[in-house]
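Here's the structure we're looking at; comments come further down.
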2 protein chains.
Amino acid sequence: MDPSTDPALEAAVADLTLAVGQLVRRLRSVASPSALTLSQLSALARLDRQGAMTTADLARAESIKPQSMGAVLAGLEQDGLVGRRPHPTDGRQILFALTPAGAEERRRRGAAKREWLLTALAELDPADLGTLVAAIPLIKRLAES
Amino acid sequence: MDPSTDPALEAAVADLTLAVGQLVRRLRSVASPSALTLSQLSALARLDRQGAMTTADLARAESIKPQSMGAVLAGLEQDGLVGRRPHPTDGRQILFALTPAGAEERRRRGAAKREWLLTALAELDPADLGTLVAAIPLIKRLAES
DNA sequence: TATTGTTATACTCTATAACTATA
DNA sequence: TATAGTTATAGAGTATAACAATA
C-alpha cells in the first residue's frame, strides 16, 4: 500500500506471521486425551484474570463472534469448568465465571501443552529467554490493536 | 512434572500460549475476499524459501499430517499457485513448487493480513520493535523443537 | 515390509443468518 | 429500535482410518 515502507518492517511482518502460525500449530498438535483447546484455555485464562464476563464481552476480547464464543463456553460449561448466572440488572445478559473446579481442571487439562512449551523454553539460553519474555506483552499488544 | 520449576518460566509459558493464540486469531480474523489462509501462506512461504518439496516433507515441516497438507496443497493447486511434477527417481513421490503466478498471488492475496500487521508494528516504539524482531527467530526455534 | 500419496469420514473452531427475549 | 443470547447451517482446517502404488 505505502511504497515508502521500511523493508525490514515488511520482513518482520512476514516472519512474525509465519512464526506465530507455526508455534500455534505446534502447540495445538501437543494434545492429549481430554486436553483443552487453545480457545478454551484462552477463555478460561481471561475469566480467571478478569472475573465474570458476558458472552459478548468475552467474544470482543478474544476477537471472535459472540456465536463462536457461545460454542466455546458451551463446551466449558458442559465440562463444569464455567458456570452462568443472570446479570443483576440487565435481564438479557448472562455472566459466565470459572467454577471452583474450573481453575484446577484448567491446570490439569492444559498440562500437556504447558509441559511441552516449558521444556522448549528451558532449552533457551538466559539472554534469549529474556528477549522472548520481553516480547510477550508486545505480542499481546499487537493482538489487541 | 518437575516440581523445582522456575515460577517465572511457568508464567512465561502461560503468557506466551495466550499471546500467540490471540495474535493468530486476530490475524485470521483479518480476512478479505479471496484471502489466503495462514496455513496456505505458510506453505507458500516455505516453498518459496526451500524450493520444491513433497507433501510428506511439507507436512513434517509444518507439524501437520500429510493428509492435511494434501488438502492445503489441493486448494493452492486449484488456484494455480502451486504445481506438481513427479520425483525424478522415486515414483511414489510428487514434488510441489510455486508456479510463476504463485509468488505474485501470494503477495496480493496475503495483503490484507500483511497490511494490518504492518500498521500495528509501525505503532511500536523502536526499542519494542527491536525486542519483538529479536524474538521472532526464537519463536521459530520453539516451533521447530 | 515400509513409505508416499489419496480417499472417505468426522471433529473442532469459526462464520453468517434468522430467531427470541429484554431494554 | 437496539442489544444479548440462542439455534441452524456452512466452511476451513485438521485428524484418523483404509487403500493403492511404489520402493
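Per the geometry, CG belonging to D79(B) stands 11 Å off P belonging to dA12(D), to the nearest Å. Regarding I94(B), its CD1 atom lies at a distance of 17 Å from the P atom of dA20(D), rounded to whole Å. Atom CG of L41(A) and atom C1' of dT12(C) are 14 Å apart (whole Å). One atom, CG of L76(B), and another, C1' of dA12(D), lie 13 Å apart when rounded to the nearest Å. Nucleotide dT12(C) holds its P atom 16 Å from the CD1 atom of I64(A), rounded to whole Å. dA15(C) atom P lies 12 Å from atom CZ of R26(B), rounded to whole Å. Computed from coordinates, the H87(B) NE2 to dA23(D) P distance equals 11 Å when rounded to whole Å. For L38(A) and dC11(C), the CG to P distance is 20 Å, given to the nearest whole Å.
Between dT4(C) and T55(B), no contact under 4.0 Å exists linking OP1 or OP2 to a side-chain N or O. For the OP1/OP2 pair of dT12(C) and a distance below 4.0 Å, the side-chain nitrogens and oxygens of S39(A) include no atom meeting the criterion.
Across all non-hydrogen atoms, the minimal contact from R28(A) to K113(A) is O-NZ, 4.0 Å. Shortest non-hydrogen contact noted between R25(A) and S39(B) is NH1-OG, 3.8 Å.
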Nucleotides 18-23 of chain C: protein proximity per nucleotide (B base, S sugar-phosphate only, - neither; heavy atom, under 4.0 Å): ----BS
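Annotation: side chain of L95(A) is not in contact with side chain of M53(A) (no heavy-atom distance under 4.5 Å). Put simply, the side chain of L38(A) does not reach to within 4.5 Å of the side chain of L18(B), judged on heavy atoms.
For R25(A) and L95(A), each mapped to the nucleotide of DNA chain D holding its nearest heavy atom, the one lying further toward the 5' end belongs to L95(A).
Looking at heavy-atom distances under 4.0 Å, T54(B) makes contact with sugar-phosphate atoms alone, never a base.
Out of dT14(C), dG5(D), dT16(C), the shortest distance to the side chain of Q93(A) is found at dG5(D). The side chain of R84(A) lies closest to dT6(D), out of dG5(D), dT4(C), dT6(D).
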Which side-chain N or O atoms in residues 124-137 of chain A pair as donor and acceptor under 3.5 Å with protein atoms at least two apart or in another chain?
{"unit_1": "D125(A)", "atom_1": "OD1", "unit_2": "A127(A)", "atom_2": "N", "d": "3.2"}
{"unit_1": "D125(A)", "atom_1": "OD1", "unit_2": "D128(A)", "atom_2": "N", "d": "3.0"}
{"unit_1": "T131(A)", "atom_1": "OG1", "unit_2": "A127(A)", "atom_2": "O", "d": "3.2"}

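One hydrophobic cluster, built from ILVMFWY side chains closer than 4.5 Å, holds both L117(A) and V24(B).
Remark: E105(A) engages R108(A) in a salt bridge, criterion side-chain N to carboxylate O under 4.0 Å.
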